[in-house]
Number of protein chains: 2
Amino acid sequence: MTIRLLLAEDQELVRTALCALLDLEDGFEVVAAVGRGDQVTDAALAHRPDVALLDIEMPGLDGLAAAAVLSHQVPGCRVVILTTFGRAGYLRRAMEAGALGFVVKDAPAEVLADAIRRVAAGERVVDPELAAATLAAGASPLTARERDVLNASRSGAGVAEIAAKLYLSEGTVRNYFSSAIAKTATRNRTEALRTADERGWL
Amino acid sequence: MTIRLLLAEDQELVRTALCALLDLEDGFEVVAAVGRGDQVTDAALAHRPDVALLDIEMPGLDGLAAAAVLSHQVPGCRVVILTTFGRAGYLRRAMEAGALGFVVKDAPAEVLADAIRRVAAGERVVDPELAAATLAAGASPLTARERDVLNASRSGAGVAEIAAKLYLSEGTVRNYFSSAIAKTATRNRTEALRTADERGWL
DNA sequence: CGGACCTGCTGACAATTGTCACGGGTGGCC
DNA sequence: GGCCACCCGTGACAATTGTCAGCAGGTCCG
């Protein structure tokens, strides 16, 4: 009863290395490895893995979106999110997307192996410390438009540019910024964006 | 004549996986694996590797700095920088730090293996595409102070805060910003920081 | 020595950004 | 229907940010 794995990770070197590592571990068999989020579903349908290991940062479709698609289209396949950043927001979104497990890349290999086995058995596996941080951050108090405006400011664009892109008045954009800044308890856009990001309020 | 390797990479999972991958490849032996930049020199002195594989993003001391120390203190050990981001500035700084090889993490495993072997033989190994980009970006036109001010603005701090931290007048800080913005051909700090970053003008 | 360049400062100005108070419109919900 | 939250807008204001000109000192180099 070896566990069949699907591995999605964009950096080829890391993907290959992880593959090697998991194949060494007994009880595991990597049946598919892809480098883009939008190849996850096809690969899962073709190879029917028991568990899919998804990185978040991927071209095409991010791991969280891929997890959501997967849990609808291939219900037999459980999902473990594997990520570089233990950001609170990622965890919440991972859970919402139907992932059962959440492992950070600086965990030791045994933790990953253990998480995979338990997820394969239907358990939920989450780093308790991270779980606490997520609860502490709470749900996003930002409205949809406030999020839009903050996201649009990622490039460093000015109000005029953002207003144009979102078909809004410049005054309105400034108002949204203002209230986002208030809600994040910061002093300007840049800080507001950063802290909203960290809390997963995107 | 197997090649003795030192591996420095902060994410434990990736480190272990890379270890497994390299040990499988024949001709290689990983003699030390560390998770912090400031452990690199000690490990190199203790285990005398032929080649050190250094990630850039690491706590303690970044891979670039570690490479610089290494090439002075352990001259018999050649350095390959292994990084997530193919940023032009990283490559330049890696070369300045005395690294012989530079490999991006989304290269295939054979490229890494090949690079290690050639570096062990004393060759320089760099992705030609990246090399071109580095030359195109050119040397930094920013002065030391302009860099300081840009770096200090990373947190999203305002002029007052930055001025205090650098013991400068607020006017002076704004002047440095202004000239940095001009040199990057952008329209505000955020953009200036972003593009200076991308070009390795830090 | 005279440039050229960096550092650091000032003061004045325009542009952008952040805040506030206020409107009107919508849709959900008790 | 009334309440509430969100949406979108206005206008006015203060604060911050970006630009410009100018001045002083320092170093390095031909």
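Protein chains get the first letters and strands the later ones, always in sequence-line order, with residue 1 at the start of each.
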Can you pull out every side chain to side chain donor-acceptor pair (under 3.5 Å) where at least one residue sits in residues 163-176 of chain B? Sequence neighbours excluded, please.
none

Within 6.0 angstrom of B:Arg36 CZ, more than 12 heavy atoms from elsewhere:
yes

Taking side-chain contact (heavy atoms from CB on, under 4.5 Å) as the test, write out the residues that go with A:Arg118, two or more places apart.
A:Asp114, A:Glu123, A:Val125

So which of residues 149-180 of chain A are in contact with DNA chain C, with a heavy-atom cut-off of under 4.0 Å?
A:Gly158, A:Val159, A:Arg174, A:Asn175, A:Ser178

May I ask you to decide if B:Arg199's main-chain N or O and B:Arg92's side chain share a donor-acceptor pair within less than 3.5 Å?
yes

Would you please name every residue forming a side-chain hydrogen bond (donor to acceptor under 3.5 Å, both in side chains) with B:Asp42, sequence neighbours left out?
none

Under the rule for side-chain contact (heavy atoms from CB on, under 4.5 Å), what residues qualify as partners of B:Arg117, not counting sequence neighbours?
B:Ile3, B:Glu25, B:Phe28, B:Ala113

Under the side-chain contact (heavy atoms from CB on, under 4.5 Å) test, residues paired with B:Ala196 that sit two or more places apart:
B:Leu142, B:Leu150, B:Thr184, B:Trp201

Where along residues 183-197 of chain A does a heavy atom fall under 4.0 Å from DNA chain D?
none

Just how large is the angle between the end axes of the helix from C:dC1-D:dG30 to C:dC30-D:dG1, five pairs per end, to 10 degrees?
30°

Which part of the nucleic acid, if any, lies within contact of A:Ala182, taking any heavy atom under 4.0 Å across all strands shown: a base, the sugar-phosphate backbone alone, or nothing?
nothing

Throw together a table of side-chain donor-acceptor distances under 3.5 angstrom for residues 48-68 of chain A, partners on residues two or more places apart or in other chains.
residue, atom, partner, partner atom, Å
A:Asp50, OD2, A:Arg4, N, 2.7
A:Asp62, OD1, A:Leu64, N, 2.9
A:Asp62, OD1, A:Ala65, N, 2.8

Among residues at least two apart in sequence or on other chains, which ones pass salt bridge (charged side-chain N to carboxylate O under 4.0 Å, His left out) with A:Asp106?
none

When B:Leu18, B:Thr16, B:Val14 are each screened for side-chain contact (heavy atoms from CB on, under 4.5 Å) with A:Leu21, the one that passes is B:Thr16

All salt bridge (charged side-chain N to carboxylate O under 4.0 Å, His left out) counterparts of A:Arg145, not counting sequence neighbours
A:Asp148

Nucleotide range of DNA chain C lying under 4.0 Å from chain B heavy atoms
C:dC6 to C:dA12

Let me see the working for B:Glu146 and B:Lys183 under salt bridge (Lys or Arg N to Asp or Glu O under 4.0 Å), right down to the final yes or no.
CA-CA 10 Å; B:Glu146 284 159 3; B:Lys183 286 176 181 174; 2.9 Å; yes

